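To start, the structure itself, in structure tokens.
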Amino acid sequence: MITTQDWEDARSIWSYHQMGHALRPCSVAIGLGSHDLGVADTSVDLYKRGLVPLLLFTGATSPTTKERMPRGEAVHYQERALELGVPGSAVLVEPRARNTGENIRFARDVLEKEGIEVASVLLISKPYEERRAYATARRLWPEVEIVSASTSMTLDEYVNSIGDARLVIDMLVGALQRLMIYPDQGFMIRQPVPTDVSEAYQRLRQAGFTSRLLATDSPSS
């Protein structure tokens, strides 16, 4: 059972994970691969609104996406963008990345090889991964401006889209743990965690929302 307190804590963490950046034109949009095709849809929407001239999708497959996206996350995102009317010339694919750090590093490599000058990046992720994506990009690509974005939706809407409330809360908790432990491992810049968010995190851990937690010495990003 998910209690009223659990939901309040989940909403606190959900809000924290979102950066609230004002959207503006950028050199390129980078869509981070995942199980969520909404990242591709949002990338296309921002392209059609004239905020970027180019989309780059990055991501291989993972245990959670290999059945839904057997050709790789970035390739499925590319196919979705083409279905929605984006010309092939405006879509690049990076099909090898298996974590957020590799998403950033490998996408940067692709853009450099293509000779594309990048001053700013519209970084598009799942709603609860905005802050993690931003903090990782700032660590690995500090010379460009990062504007973090995702599909605009509430926690309730996201839970309905996934169909598993406990899993979503587990993912919120796991994403926050990474924000707290990865700076010490050099994977991202440190982000201050407000006291109310930290307390919400501890309560949800104690309530058993732990399936997406890592051992604190985990080497993966």
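Values in this document were obtained by computation on a predicted structure and should not be read as measured data.
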With distance as the sole test, does [X] use its side chain to make a donor-acceptor pair with the main-chain N or O of [Y] at under 3.5 Å?
X: S198; Y: V193; result: no
X: Q5; Y: E8; result: no
X: K48; Y: L84; result: yes
X: E129; Y: S125; result: no

Take E145 and S120 through the test side chain to side chain donor-acceptor pair (under 3.5 Å) and record every step on the way to the result.
CA-CA 4 Å; E145 182 177 356; S120 55; 5.6 Å; no
Run the ring-ring contact (aromatic ring centres under 6.0 Å, His included) test against [X] and tell me which residues pass, sequence neighbours left out.
X: H21; answer: Y134
X: W141; answer: none
X: Y128; answer: Y158

Hey, what do you get for CG (L92) to NZ (K113), rounding to the nearest 0.5 Å?
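Those atoms lie 12.5 Å apart.
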Going through the checks in order, is the side chain to side chain donor-acceptor pair (under 3.5 Å) test met by T136 and T100?
CA-CA 7 Å; T136 303; T100 308; 5.2 Å; no
Quick one: are [X] and [Y] in side-chain contact, heavy atoms under 4.5 Å?
X: L122; Y: L46; result: yes
X: H17; Y: L172; result: yes
X: M153; Y: P127; result: yes
X: V52; Y: V28; result: no

Least distance between heavy atoms, I189 atom then R138 atom
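Nearest pair, atom of I189 first, then R138: CD1-CB, 3.7 Å.
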Taking only residues two or more places apart in sequence or in another chain, which ones pass salt bridge (Lys or Arg N to Asp or Glu O under 4.0 Å) with [X]?
X: E117; result: none
X: E130; result: none
X: E114; result: none
X: R11; result: D156

Yes or no on salt bridge (charged side-chain N to carboxylate O under 4.0 Å, His left out) for R49 and D45, after CA distance, side-chain angles and deciding distance?
CA-CA 6 Å; R49 287 164 58 183; D45 175 62; 3.3 Å; yes
Output every pair passing salt bridge (Lys or Arg N to Asp or Glu O under 4.0 Å) with a member in [range], not counting sequence neighbours, ordered by first then second residue.
range: residues 170-188; result: D184-R190
range: residues 191-205; result: D9-R203
range: residues 26-38; result: none

Under a 3.5 Å cutoff, is there a donor and acceptor pairing between the side chains of R131 and Q191?
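Yes.
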Any chance you could lay out the salt bridge (charged side-chain N to carboxylate O under 4.0 Å, His left out) test for R108 and E143, step after step, and finish with the verdict?
CA-CA 12 Å; R108 180 179 182 175; E143 64 271 29; 2.3 Å; yes
With ring-ring contact (aromatic ring centres under 6.0 Å, His included) as the rule and sequence neighbours excluded, what pairs involving residues 68-88 come up?
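Qualifying pairs: F57-Y77.
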Sequence neighbours excluded, every pair satisfying ring-ring contact (aromatic ring centres under 6.0 Å, His included) that has a member inside residues 84-123:
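For residues 84-123: none.
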